[in-house]
Amino acid sequence: MLAVVVICSVGGAAEAQQFSDLAPALGLPGAVGAAWGDYNDDGYADLFVAGNDYLGYGARLFRNNGNLTFADVSAAMGISMTTEGQIAPAWADYDNDGDLDVFVGSDGLVPKLYRNEGDHFVDVATEAGVASIIGSLAARTAAWCDYDGDHWLDLFVSGGGPRLLHNNGDGTFSDATSSAGMTGPAEPEGGNCCAWGDYDDDGWPDLIVTRIEGRRPLLYHSNGDGTFSEEGGFLSVVDGGVGVAWLDYDNDRLVDFYITSGPPQARDWLFHNNGDGTFTDVAASAGMAGEASSSDSVAWADYDNDGYVDIYVGNTQTGGESLLYHNNGDGTFTNRAPTEGMAGTYHDEAAVWADVDLDGKVDLFQAGQLISRFFHNNGPAGNWLRLRALTNATGAATISEFPARDAIGARVELNLDNDDGFPPGRTVVRMIDGGSGFMSQNEQVAHFGVGDSTVVCVRVLFPDGSIVTHRSVPVNQQITIRDIPVGPQGTFPDVPRDFWAYEAIEKCAEVGIVAGYPDGLYHPEIAVTRDQMAVYISRALAGSDFDVPEFTGTPTFPDVDEMHWALRHVEYAVDQNVVAGYQDGTYHPEYEVTRDQMAVYVARSLVAPDGEEGLADYVPADPRNFPDVASDFWAYTHVEYCVENGVVAGYLDGLYHPEIVVTRDQMAVYVARAFGLMP
């Protein structure tokens, strides 16, 4: 499988770090459940809230206008506002048609499944079988996930009669609770909350379910065949539990989980993943055990973009204050709610994070029956990256043939040291949320704070098992990675026709400039080294690999001797005055090539055999003057020459990023453009 990377620039100004409540000004009402989801696919997260008899409405949909305002479009979009006790919203594209639908649970009444028709929603709970499966049983929390790997999103609802609803792929659902092994002695009666997360990193989603007082939470481990085994005996220390969320709080690439609780325990729980299938409660050592007296909601996000996820905990007890646990990066947390603008006593229910105004900082909507709050993040943006993962769920051959949906359940990893080893280097992990916390769902975009990193390596582990890695991604932007099928469309199975560099790679392959690896793949994501660069350049200059002459003299460089695989290519490039060695007389063939070095090689190739001398009198006719490639930059002339000849361009942020390492797909594009193989 392969991914297409679409990069969209998003930016924002830095302000003092604090939150301000904008709910009254925005007209956002009290609520008992909340979920962020971009139902109209305009790039901005919209807000679905659930109500009850006390609030006087059942559900409402607020469209994000993109300017930090919202419009109530409930009636226009066909959302029922009658008081039907709707409490558990969760977005997902269950029918794989490319737009988000929404499930809404109910406290004792029939739930709703709103199918998105583009300009309105239609409740299809009855015809889809959802109403008959759940019936009038309470569905307090819902979470979507493809638990059996059939490319259709399934639904687990937790409440008076928790159910696992299997998506049949034809618009209907069937009750898979029993066949999946979720009945019998461990049946999760009296369920409160549920959340999917792959705690043993085997590629199959596991499920945790909290239950009412007197019943311990349940941890269902996926057996990888559509069934589950209950392995939560260690959770007997938790009497009940309310909200639950998976998160990797210590950046060890293993997901941990947080459970909220109420009387009689009057404490919360943070379970650390030990990496061997076991967990240890570390709430006390993390500084969390004594502050939460009665809490429901829990929601995580890196609100200050320092690279560590923070945790918001909603307190439901009268007079109790909610908590904003700042992650100190050393396994401990500090409650900063009083100092970050979140002080106050409220009856919190759901809590959900999203970057509402796309300024690089996550904001929080806290749903409460008495009052809701919308905490806008005014703090300094720092460095960040947002990633939307889209998957092909239909088996179509090309992007144009299938409507992509959000890859709920995908695991997204960033290596902050731009290393594709995962590990080594500093790695942070996020999951595309299908519903967690309590009656809530965060946005379906993975938001990362990256600290002081400026370029990162991205890896997405899609639910279908495919893994996509993309190196040297500049931060402070949003990217979209698509998981698309491989088909017999071109020379290389991992370069389908929809791949952004397909034409360049095919043109270069046709004339013998590029070739694949022994496994038959091109591996476009691999970084280009100096020996490989010499191969590209020499083949392009000579016309093909067959025309690069054998070398029989004394090697120019001691580290590119007679036994080196690229000797003749390096020597030909030297003869053409394109490449040169370092001051110590070596070539360092293993060094990775950056964008400034690439511009030098290509510019010299364009004036070969004069090489560097051919550029001596060059003066840019219309200099671009990238802010990061000033006129005194060592490769300024070469970059400008390549820009003027249509070979290279800058990024959407207006920079050239000379330090970014060049990958094989990018190199094919540079060479194809430089040597007239494509426009």
Side-chain angles (χ1 to χ4, degrees), residues 2-5 398-399 469-472 484 486-549 565-576 578-579 589 592-609 611 638-639 641-649 660-679:
L2 192 68
V4 171
V5 179
T398 65
I399 287 179
T469 303
H470 197 73
R471 294 195 52 160
S472 301
I484 67 175
V486 174
Q489 309 177 61
T491 304
F492 306 106
D494 57 345
V495 184
R497 295 186 187 278
D498 292 304
F499 187 61
W500 77 278
Y502 172 81
E503 182 181 1
I505 293 172
E506 285 294 313
K507 293 291 186 183
C508 288
E510 287 175 10
V511 298
I513 294 176
V514 304
Y517 281 77
D519 60 4
L521 303 178
Y522 183 71
H523 290 291
E525 78 285 355
I526 292 180
V528 175
T529 52
R530 281 171 54 86
D531 49 5
Q532 294 170 334
M533 172 64 78
V535 172
Y536 280 104
I537 294 298
S538 62
R539 288 174 175 173
L541 288 171
S544 72
D545 193 52
F546 300 106
D547 297 317
V548 178
W565 72 278
L567 172 63
R568 66 189 178 102
H569 303 91
V570 171
E571 293 294 344
Y572 187 80
V574 169
D575 183 65
Q576 297 294 311
V578 172
V579 303
E592 294 177 345
V593 176
T594 52
R595 280 172 53 87
D596 49 2
Q597 297 168 333
M598 175 275 302
V600 173
Y601 292 131
V602 173
R604 289 174 177 172
S605 299
L606 291 175
V607 297
H638 307 85
V639 172
Y641 192 84
C642 288
V643 170
E644 192 167 296
N645 283 273
V647 177
V648 301
I660 290 180
V661 173
V662 176
T663 49
R664 282 171 53 86
D665 50 1
Q666 296 168 332
M667 192 65 245
V669 173
Y670 300 139
V671 170
R673 289 174 178 169
F675 290 89
L677 301 180
M678 59 178 284

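Numbers here simply count residues along the sequence, with the first being 1.
Ring planes of Tyr522 and Phe492: tilted class, angle from 30 to 60°.
Side-chain atoms of Ser472 come within 3.5 Å of backbone atoms of Val661 as a donor-acceptor pair (strictly under, hydrogens ignored). Side chain of Asp545 to backbone of Arg539: no donor-acceptor contact under 3.5 angstrom is found. A donor-acceptor distance shorter than 3.5 angstrom exists from the side chain of Asp519 to the backbone of Leu521, with no hydrogens or angles considered.
How far CD1 of Ile526 is from CZ of Arg471: 10.0 Å, rounded to the nearest 0.5 Å. One distance of note links OG1 of Thr663 with CD of Glu592; it measures 10.5 Å at 0.5 Å rounding. Remark: Lys507 NZ to Thr491 OG1 distance equals 11.5 Å, nearest 0.5 Å.
Side-chain N/O atoms of His638 and Asp596 include no donor and acceptor closer than 3.5 Å. Looking only at atom types and distance, the side chain of Ser605 has no donor-acceptor partner in the side chain of Gln576 under 3.5 Å away.
When every heavy atom of Ala599 is checked against every heavy atom of Cys642, the shortest pair comes out as O-SG, 3.5 Å. Heavy atoms only, all atoms of each residue included: Ala504 and Ala672 are closest at CB-CB, 4.0 Å. Arg673 approaches Gly646 most closely through the heavy-atom pair CD-O, 3.5 Å. Here the closest heavy-atom approach between residue Arg595 and residue Ala649 is recorded as NH2-O, 2.9 Å. Minimum heavy-atom separation, Ser538 to Val548: O-CG2, 3.7 Å.
By the 4.5 Å heavy-atom criterion applied to side chains, Asp494 and Pro524 are counted as neighbours. Val511 places none of its side-chain heavy atoms less than 4.5 Å from the side chain of Phe675. Considering only heavy atoms from C-beta on, Phe499 stays 4.5 Å or farther from Glu506 through its side chain. Between Leu606 and Val647 the shortest side-chain heavy-atom distance falls below 4.5 Å. For the pair Trp500 and Gln666, the minimum side-chain heavy-atom distance is below 4.5 Å. A 4.5 Å side-chain heavy-atom check between Arg604 and Tyr641 finds every atom pair outside the cut-off.
The only member of Val528, Val570, Val578 that meets side-chain contact (heavy atoms from CB on, under 4.5 Å) when paired with Met533 is Val528.
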Under the side chain to side chain contact (heavy atoms under 4.5 Å, CB included) rule, what do Val671 and Ile513 come out as? Steps first, then yes or no, please. CA-CA 9 Å; Val671 170; Ile513 294 176; 4.0 Å; yes
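By the 4.0 Å N-to-carboxylate-O rule, Asp575 lies too far from Arg568 to be salt-bridged with it.
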